[in-house]
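Nothing fancy with the numbering, it's 1 onward along the sequence. It should be emphasised that the depicted structure is a prediction, and the values quoted were computed from it without experimental measurement.
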Amino acid sequence: MIYTFLTAALFVIMLLGGAGAFVFITLRRKLGRVSGGGKVIPAVSLATAALGLILLILIPGSFHTVEAGSVAVVKQLGIITDIEQPGTYFDFYLTRTYEEYDVKVQQVEISEDAYTADAQSMQINMVVQFQVRQDKVEEIAINYGGLGALTNRIQSVAIERTKAILSKYQAEKLIEERSTISPTVEEEISKAIGDKYYVTFNSAVLTDITFSDAFEAAVEAKMMAQQEKLQAQYENEKKKEQAETALYVAEQEAKALVAKAQAEADAQVKVAAAEAQAIMLKSVEVARMLGYEVTESTVEGSDEEGNPVTEKVYTIKYDTTHTGADIAEYMKYVEYMSKWDGKLPQVVAGENGFMITLPTKPDTNA
């Protein structure tokens, strides 16, 4: 900073001296006080012109502007002396130089060829972003000599790490997991850069992976075949479900028919049981009427649903007088009377006597 002030003061003194000499010579000419010094005036004028030319060359080149978003490494005769922030500075440019370093976010676009684990060639495209640390600009200048060399180094690290990661994948697996690989690549590059290169790592995005046209076509054909296979499996499953549904419906219909037939059979059994019960009760009444001894008892039981029921049991006592034949004949008479339509029975004469045809009850189910 002191050197800058002294340089500016020297230029100002030279500028003021030149201007004073020019004014002095001009006044002397007008007043005509210069005698015998005709050769002095041109010499002074020439010296003034030379001084003005020197100042014209030195002054503009000694103004240094550091743009916003940058810092400058100031070197005096090749030795780093200062790090300047954005602004305008006045330094003698022949001895002091300003080298600007962009400290905004740097974006490096990379396009590189690589290979998968199964030796398939591919082209990878990625974008790496980083930012120079202002407090490490001097180290960058000493170790790399400029931002360009540092950027090339970071680009090389990013390419190396990316290739190492992608080379672990089979080509088809890489296509399937393409969206999940980019975060892995970013993490590896971040670890590789760390604090080694005096920058702050921001991001690394794997924007595209392109395989050869032949491989892409082969993968597409394979995927189409897999889709067709899945479609066929889906259709087979659908047909199987339809067949199972049809079978289930048929089974349910068959069960319904069986249930219906069983219900009808049970109903017929119940009707027959009811008719048998009625005949039995009629027999008991006839036996009592004919003088038979009938005893009655109760029996505890249960129905089909397990509910308790009480049944009456009748016992007819037979002996030599009461053999039961008269009961059977009387029951036939009762049956005959239930079926008789009011017409007299048909009598047919024959060699062995008469044959009587009893009327029959019309079949209502015919």
*Asks:* Which residues pass the salt bridge (Lys or Arg N to Asp or Glu O under 4.0 Å) test with Glu112, not counting sequence neighbours?
*Replies:* Lys163
*Asks:* Kindly state each residue pair satisfying ring-ring contact (aromatic ring centres under 6.0 Å, His included) with at least one member in residues 252-293, sequence neighbours excluded.
*Replies:* Tyr292-Tyr318, Tyr292-His322
*Asks:* Test of understanding: with side-chain hydrogen bond (donor to acceptor under 3.5 Å, both in side chains), list the residues that count as partners of Thr298, not counting sequence neighbours.
*Replies:* none
*Asks:* Might you point out which heavy atoms bring Ser167 and Ala164 nearest each other, and give the distance in Å?
*Replies:* OG-O, 2.9 Å
*Asks:* Okay, side chain of Ser182, backbone of Leu206: is any donor-acceptor separation there less than 3.5 Å?
*Replies:* yes
*Asks:* Using atom types as modelled and distance alone, determine if a side-chain donor or acceptor of Asp82 lies under 3.5 Å from a backbone N or O of Glu84.
*Replies:* no
*Asks:* Shortest non-hydrogen contact from Arg178 to Asp208?
*Replies:* NH1-OD1, 4.3 Å
*Asks:* Extract all donor-acceptor atom pairs below 3.5 Å that involve side chains of residues 233-240 and protein atoms in other chains or at least two apart in sequence.
*Replies:*
{"unit_1": "Glu235", "atom_1": "OE2", "unit_2": "Gln231", "atom_2": "NE2", "d": "3.4"}
{"unit_1": "Asn236", "atom_1": "ND2", "unit_2": "Ala232", "atom_2": "O", "d": "3.3"}

*Asks:* Of the non-hydrogen atoms in Ala204 and Glu186, which two are nearest, and what is the gap between them?
*Replies:* N-OE2, 3.2 Å
*Asks:* Just jot down the side-chain hydrogen bond (donor to acceptor under 3.5 Å, both in side chains) partners of Glu177, sequence neighbours excluded, or say none.
*Replies:* Lys173
*Asks:* Under the criterion side-chain contact (heavy atoms from CB on, under 4.5 Å), I'd like the reasoning laid out for Val132 against Asp102: C-alpha separation, chi angles, the key distance, then a yes or no.
*Replies:* CA-CA 7 Å; Val132 172; Asp102 191 348; over 6 Å; no
*Asks:* In chain order, what residues pass the side-chain hydrogen bond (donor to acceptor under 3.5 Å, both in side chains) check against Gln242, with sequence neighbours excluded?
*Replies:* none
*Asks:* Run Gln107 and Val128 through side-chain contact (heavy atoms from CB on, under 4.5 Å) and show every step you take.
*Replies:* CA-CA 6 Å; Gln107 178 167 301; Val128 178; over 6 Å; no
*Asks:* For residues 134-143, please give each side-chain donor-acceptor pair under 3.5 Å, one per line with the distance, not counting sequence neighbours.
*Replies:*
{"unit_1": "Asp135", "atom_1": "OD2", "unit_2": "Arg133", "atom_2": "NH2", "d": "3.3"}
{"unit_1": "Asn143", "atom_1": "ND2", "unit_2": "Glu139", "atom_2": "O", "d": "2.9"}
{"unit_1": "Asn143", "atom_1": "ND2", "unit_2": "Tyr198", "atom_2": "OH", "d": "3.0"}

*Asks:* Could you tell me the separation between the CG atom of Leu174 and the CG atom of Leu166, rounded to the nearest 0.5 Å?
*Replies:* 5.5 Å
*Asks:* Could you give the side-chain donor-acceptor pairs of residues 147-162 under 3.5 Å, partners two or more places apart or in another chain?
*Replies:*
{"unit_1": "Thr151", "atom_1": "OG1", "unit_2": "Leu147", "atom_2": "O", "d": "2.9"}
{"unit_1": "Asn152", "atom_1": "ND2", "unit_2": "Gly148", "atom_2": "O", "d": "3.3"}
{"unit_1": "Arg153", "atom_1": "NE", "unit_2": "Tyr197", "atom_2": "OH", "d": "3.4"}
{"unit_1": "Arg153", "atom_1": "NH2", "unit_2": "Tyr197", "atom_2": "OH", "d": "3.4"}
{"unit_1": "Ser156", "atom_1": "OG", "unit_2": "Asn152", "atom_2": "O", "d": "3.0"}
{"unit_1": "Thr162", "atom_1": "OG1", "unit_2": "Ala158", "atom_2": "O", "d": "2.7"}

*Asks:* Tell me, do Thr200 and Phe130 make a side-chain contact under 4.5 Å, heavy atoms counted?
*Replies:* no
*Asks:* Not counting sequence neighbours, which residues clear side-chain hydrogen bond (donor to acceptor under 3.5 Å, both in side chains) with Lys75? List them please.
*Replies:* Glu99
*Asks:* Tell me whether Gln106 contacts the main-chain N or O of Lys104 through its side chain, where contact means a donor paired with an acceptor under 3.5 Å.
*Replies:* yes
*Asks:* Is any side-chain heavy atom of Val74 closer than 4.5 Å to one of Ile83?
*Replies:* no
*Asks:* Taking the side chain as every heavy atom from C-beta outward, state whether Thr180 and Thr184 have any pair of such atoms under 4.5 Å apart.
*Replies:* no
*Asks:* Enumerate the residue pairs fulfilling side-chain hydrogen bond (donor to acceptor under 3.5 Å, both in side chains) with a member in residues 113-124, sequence neighbours excluded, ordered by first and then second residue.
*Replies:* Ser111-Gln123, Thr116-Asp118
*Asks:* If you look only at pairs with a residue in residues 241-260, which of them pass as a salt bridge (Lys or Arg N to Asp or Glu O under 4.0 Å), with sequence neighbours excluded?
*Replies:* none
*Asks:* Could you list the residues that satisfy side-chain contact (heavy atoms from CB on, under 4.5 Å) with Val271, not counting sequence neighbours?
*Replies:* Glu275
*Asks:* To the nearest 0.5 Å, what is the distance between OG1 on Thr207 and CD1 on Ile124?
*Replies:* 9.5 Å
